K.L.:
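Below you'll find the structure I mean.
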Amino acid sequence: MLLVASGVTKTYRTGDEAVRVLDGVDLTLAAGESLALTGESGSGKSTLLHLVAGLDSPDTGRLVVDGTDMARATDAQRAALRRDGVGLVFQQFNLIPSLDIAANLAFQARLAGRYDAAWASELAQILGLEALLQRYPEQLSGGQQQRVAIGRALAARPRLVLADEPTGNLDETTGDAVMALLLRLVAQTGAGLLMVTHSPRLAARLDRRVHLSAGRLQLEPVA
Ligand code: ADP
Ligand code: MG
């Protein structure tokens with residue numbers, strides 16, 4: 001299993017108020033599988049994704065990501081997993097403004113020591129970015145920027161791709177095209193995909209769907 005979550009809980013405290021956002025989440029994702037995570041705004045989708053990415057820790061429960069038990073791993077091991085094993089795509093494209101597109105695309109893979117020029121140029125070609133490599137992020141449209149962010153996430157050939165509403169800032173047509181590219185690249189590399197989305201239509205394109213509500217996951221009712 002690429003990802004196993006069991007009994008994961010997370011409570012946020014602000015002042016003297018405590019909100020239990022995740023209340024015993026169980027989840028598995030196999031290698032090569034794609035899973036859509038849906039749920040209302042504020043239901044804890046991003047929180048769960050952040051825990052899986054090792055950006056934050058659960059209060060209780062077990063989280064094993066690509067064979068690494070997150071609670072037992074050192075900070076360095078978690079950082080290595082994020083760098084080498086996991087690709088992250090967010091709603092905000094988060095490109096580095098001072099780097100051109102070629103350097104943005106290569107950034108993650110270089111950090112991981114896994115830059116592969118042939119794969120980088122194949123990615124640029126698949127993502128339709130070849131003519132844009134010398135430009136800077138501010139000179140690209142939203143859809144183009146998100147294609148760069150997807151390329152950056154896939155450049156180190158991560159075993160797990162985590163995407164948090166990756167088309168949330170794009171219009172529907174552009175979002176659909178970006179989504180198709182993401183799914184194509186995930187399939188081509190054999191990565192597992194956990195994607196947060198508001199859209200039942202996009203969720204339907206993934207292998208499985210789970211719904212987060214009142215801190216727990218439910219299998220999406222079959223329509
Ligand atoms: P979603 O991604 O499903 O919209 P989030 O995981 O972002 O939901 O947030 C779930 C709930 O936790 C929300 O009520 C949000 O306000 C709260 N929350 C998220 N992050 C924090 C934080 N760092 N501190 C306090 N509350 C937070
Ligand atoms: Mg969110």
Side-chain angles (χ1 to χ4, degrees), residues 3-29 34-65 70-71 73 75 78-79 81-82 86-95 142-143 145-150 152-153 158 160-172 174-176 178-179 182-183 186 191-221:
L3 166 62
V4 181
S6 46
V8 167
T9 69
K10 182 74 182 175
T11 299
Y12 286 120
R13 284 175 190 82
T14 42
D16 41 355
E17 208 191 344
V19 180
R20 177 163 284 213
V21 177
L22 301 177
D23 189 22
V25 165
D26 301 316
L27 178 69
T28 59
L29 180 70
S34 64
L35 177 65
L37 173 59
T38 61
E40 301 205 340
S41 182
S43 60
K45 304 182 297 298
S46 294
T47 298
L48 181 56
L49 216 72
H50 286 164
L51 297 181
V52 173
L55 297 168
D56 198 358
S57 303
D59 298 330
T60 62
R62 193 151 178 268
L63 208 47
V64 182
V65 182
M70 300 301 265
D75 285 347
R78 276 193 293 268
L81 178 68
R82 269 206 308 284
V86 178
L88 294 167
V89 183
F90 295 102
Q91 184 172 342
Q92 285 79 22
F93 318 126
N94 296 327
L95 301 181
Q145 289 191 52
Q146 194 61 313
R147 272 145 54 199
V148 178
I150 287 169
R152 174 180 60 184
L160 174 62
V161 174
L162 303 173
D164 195 348
E165 310 207 33
T167 62
N169 276 342
L170 305 174
D171 65 74
E172 186 173 303
T174 307
D176 283 3
V178 165
M179 178 74 185
L182 174 62
L183 293 181
V186 162
L193 171 67
L194 174 58
M195 187 183 86
V196 170
T197 179
H198 264 108
S199 160
R201 198 173 52 83
L202 293 180
R205 294 173 65 176
L206 274 57
D207 297 333
R208 282 200 295 137
R209 283 148 290 284
V210 287
H211 187 77
L212 187 56
S213 172
R216 291 179 180 248
L217 282 180
Q218 306 151 335
L219 288 178
E220 194 88 309

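Predicted model only: the values in this text are computed from it and were never measured. Both counts, for ligands and for their atoms, begin at 1 and track the order of listing.
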K.L.:
Using 4.0 Å as the upper bound for N to carboxylate O, is an ion pair formed by Arg201 and Asp176?
P.N.:
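Yes, this pair counts.
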K.L.:
Who's the nearest protein heavy-atom neighbour of atom 4 (O) of ligand 1, and how far?
P.N.:
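Nearest neighbour among protein heavy atoms for atom 4 (O) of ligand 1, to 0.1 Å: Gly42 N, 2.7 Å.
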K.L.:
Does some non-hydrogen atom of the protein lie less than 4.0 angstrom from atom 19 (C) of ligand 1?
P.N.:
yes
K.L.:
Does any N/O atom on Ser46 come nearer than 3.5 Å to any N/O atom on ligand 1?
P.N.:
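It does: an N or O of Ser46 is found under 3.5 Å from an N or O of ligand 1.
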K.L.:
Can you confirm whether some protein heavy atom lies under 4.0 Å from atom 2 (O) of ligand 1, or whether none does?
P.N.:
yes
K.L.:
Could you list which atoms of ligand 1 come closer than 4.0 Å to a heavy atom of Ser41?
P.N.:
4 (O)
K.L.:
Closest non-hydrogen protein atom to atom 8 (O) of ligand 1, residue and atom name please, with distance?
P.N.:
Gly44 N, 3.2 Å
K.L.:
Quick one: does any side-chain atom of Gln146 pair with a main-chain N or O of Phe90 as donor and acceptor, under 3.5 Å?
P.N.:
yes
K.L.:
Please state which part of Arg13 comes within less than 4.0 Å of ligand 1, counting heavy atoms only: side chain, backbone, both or neither.
P.N.:
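Neither part.
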K.L.:
With His211 as reference, evaluate Gln218, Arg216, Lys45 under the side chain to side chain contact (heavy atoms under 4.5 Å, CB included) test and give the passing residue.
P.N.:
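Exactly one option meets the side chain to side chain contact (heavy atoms under 4.5 Å, CB included) with His211, and it is Gln218.
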K.L.:
Would Asp56 and Lys10 pass as an ion pair if we require N to O under 4.0 Å?
P.N.:
yes
K.L.:
Using a 4.0 Å cut-off to any heavy atom of Glu40, which atoms of ligand 1 qualify?
P.N.:
3 (O)
K.L.:
Flag Thr47 as yes if one of its N/O/S atoms falls below 2.8 Å of the Mg ion (ligand 2), otherwise no.
P.N.:
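So Thr47 does not bind the Mg ion (ligand 2) by this criterion.
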K.L.:
Looking at Val21, which atoms of ligand 1 are within less than 4.0 Å of one of its heavy atoms?
P.N.:
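So the atoms of ligand 1 that pass are 10 (C), 11 (C), 12 (O).
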K.L.:
Any side-chain heavy atom of Leu160 within less than 4.5 Å of one from Val65?
P.N.:
yes
K.L.:
Can you report which non-hydrogen protein atom sits closest to atom 23 (N) of ligand 1, along with the distance?
P.N.:
Tyr12 CE2, 3.7 Å
K.L.:
Counting distance only, does the side-chain N/O of Arg13 pair as donor-acceptor with the main-chain N or O of Val19 below 3.5 Å?
P.N.:
no
K.L.:
Using modelled atom types and a 3.5 Å cut-off, is there a donor and acceptor pairing between side-chain atoms of Arg20 and backbone atoms of Thr9?
P.N.:
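Checked: no pair found.
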K.L.:
For ligand 1, which part of Thr47 has a heavy atom less than 4.0 Å away: the side chain, the backbone, both, or neither?
P.N.:
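For Thr47, backbone and side-chain atoms both sit under 4.0 Å from ligand 1.
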K.L.:
Just by distance, no angles: are the side chains of Asp164 and Ser46 close enough, under 3.5 Å, to form a donor-acceptor pair?
P.N.:
yes
